[in-house]
Amino acid sequence: MKRREKLLGGMFSFFIAFFLFLLLFVCISKATLLNKGYLLSTLDKTEYYTAVTKELTEDFKKSAGAAGFQPSIYDGFLKEADVKKEAVAFIDTSFTGKTAVVDQKSFMDKLDTYLQKIIQKEKLKLDEDGKLRLQNYVKVNAKGYKQYVQFPFIQYIVMGVQMMDRILPFAIGACVLLLLLSVIFLIRMKLKKEDTLLFLGSAAGGAGWMLALLPAGILLGGFTHRIRLEPEYFYNFFVAFLDGYLWLLILFGIALILVGISLILFIFKKRNTANAAGE
């Protein structure tokens, strides 16, 4: 191969690697960080709803004494399935672009009915002031319920999704077009088939390294675990959310590196076999 062919082949190989990297990076980001299904799946894997239910129950127990109730009355009151249903509905509505609202009214009715049964069971007497305090107590707990159930920062995620949905078609289209043009120009150089495949193998490996290197550095350095977020269950979700995305980038990167190495080894083996036969 001539020096000019090597330079041009290397340049087109770099372009192929770069645009392939960009295309995969954008698609993987869309399928994870900007995808409702991935978010909900990560919430399930990190037992987010279990932790929210437990934390909310403990919060209710702390205020029970001030209202004249035993903290134990809240054991089993909140069901994880109900908390999950409300939280998922909040996320679903947010992703439609509408204003999501936690149904405090239904929860207030449910809590009031439950406390009225406790009052009747324990034969407690409430005067007008007591009834008013009970109403305020129910309202305060309903606000706490809303704060725990609604997913934090969802509006920023939705804004990112909406913005990317406007940009992605153009970004993906541009990456595909430039990738195809780079491959076409490489083929039009009319190199030997083995040389063309070598450049394509190098491009695949290069794209793989671009995808895998930075995420691997972030994970090995434990940078995602240094993020400070409260409460703990949201921290666990956020770390798993980012780590899953980074691991996916790494896996795609490794796959491309292996494809590139396999292709290059195949060409070298073929050449060595041809040279041995020629001798």
Side-chain angles (χ1 to χ4, degrees), residues 18-53 55-56 82-107 142-178 210-211 214-215 217-219 221 223-253:
F18 181 69
F19 293 124
L20 180 58
F21 154 72
L22 279 183
L23 180 63
L24 288 173
F25 177 77
V26 169
C27 291
I28 293 171
S29 299
K30 174 59 179 173
T32 51
L33 296 183
L34 303 174
N35 183 274
K36 183 182 72 173
Y38 176 70
L39 186 149
L40 293 175
S41 173
T42 308
L43 289 173
D44 279 326
K45 289 177 182 177
T46 55
E47 298 183 342
Y48 179 88
Y49 308 109
T50 303
V52 169
T53 304
E55 190 92 1
L56 190 51
D82 295 333
V83 172
K84 178 178 179 179
K85 181 180 178 181
E86 189 74 52
V88 171
F90 185 86
I91 293 171
D92 283 338
T93 303
S94 297
F95 269 86
T96 63
K98 299 177 182 178
T99 302
V101 179
V102 175
D103 189 359
Q104 293 185 79
K105 180 64 170 58
S106 295
F107 179 77
K143 288 181 180 178
Y145 176 77
K146 174 187 175 182
Q147 290 174 352
Y148 276 95
V149 170
Q150 63 185 12
F151 187 77
F153 310 122
I154 188 68
Q155 67 271 27
Y156 301 113
I157 296 175
V158 172
M159 284 172 58
V161 170
Q162 292 173 343
M163 182 180 69
M164 290 302 293
D165 282 344
R166 290 192 293 268
I167 298 173
L168 275 179
F170 300 102
I172 292 175
C175 287
V176 170
L177 177 62
L178 293 171
M210 291 179 194
L211 272 177
L214 182 59
I218 292 172
L219 288 174
F223 293 106
T224 56
H225 293 262
R226 298 179 190 179
I227 299 170
R228 293 289 174 260
L229 288 173
E230 295 291 343
E232 185 179 358
Y233 58 80
F234 186 72
Y235 164 81
N236 292 335
F237 155 77
F238 193 71
V239 169
F241 188 70
L242 289 182
D243 283 0
Y245 166 66
L246 295 173
W247 272 113
L248 199 57
L249 289 174
I250 291 171
L251 289 175
F252 270 86

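Count residues from 1 along the sequence.
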Closest contact, heavy atoms only, Ala240 versus Thr46:
CB-CG2, 3.5 Å
Residue among Leu24, Ile28, Thr32 satisfying side-chain contact (heavy atoms from CB on, under 4.5 Å) with Leu249:
Ile28
CH2 of Trp247 to CG of Leu242: how many Å apart, nearest 0.5 Å?
14.5 Å
Do the non-hydrogen side-chain atoms of Lys36 and Asp92 ever get within less than 4.5 Å of each other?
yes
For residues 146-166, run the donor-acceptor check on the side chains, cut-off 3.5 Å, and write out each pair with its distance to 0.1 Å, sequence neighbours left out.
{"from": "Asp165", "atom 1": "OD1", "to": "Lys30", "atom 2": "NZ", "distance (Å)": "2.7"}

Please tell me if the side chains of Phe237 and Leu229 come closer than 4.5 Å, counting only heavy atoms from C-beta onward.
no
Flag the pair Tyr235 / His225 as yes when at least one side-chain heavy-atom distance between them is below 4.5 Å, and no otherwise.
yes
Any donor-acceptor pair under 3.5 Å linking the side-chain atoms of Thr224 with those of Asp243?
yes
With heavy-atom distances below 4.5 Å as the criterion, would you say the side chains of Leu248 and Phe252 are in contact?
yes
Shortest non-hydrogen separation from Val102 to Tyr145 and the atoms involved
CG1-CE2, 3.8 Å
Measuring from atom CG of Leu22 to atom CD1 of Ile172, what distance do you get when rounded to the nearest 0.5 angstrom?
11.5 Å
Below 4.5 Å, heavy atoms only, C-beta onward: do Leu43 and Lys84 meet side chain to side chain?
no
Please report the interatomic distance CZ(Arg228) to CZ(Arg226), rounded to the nearest 0.5 Å.
9.5 Å
Under 3.5 Å, is there a donor-acceptor pair between the side chain of Ser41 and the main chain of Gly37?
no
Can you measure from CG (Leu246) to CD1 (Ile218) and round to the nearest 0.5 angstrom?
5.0 Å
On the 0 to 90° scale, with breaks at 30° and 60°, tag the Tyr38-Phe241 ring pair as parallel, tilted or perpendicular.
tilted
Atom CG in Leu23, atom CZ in Phe18: separation rounded to 0.5 Å?
12.0 Å
Is the closest side-chain heavy-atom distance between Glu86 and Phe107 below 4.5 Å?
no
Rounded to the nearest 0.5 Å, what separation is found between the CG atom of Leu39 and the OG atom of Ser94?
10.0 Å
Of all the heavy-atom pairs spanning Tyr233 and Val52, show the shortest one and how long it is.
CE1-CG2, 3.5 Å
Working for side-chain contact (heavy atoms from CB on, under 4.5 Å), residues Leu20 and Met210
CA-CA 10 Å; Leu20 180 58; Met210 291 179 194; over 6 Å; no
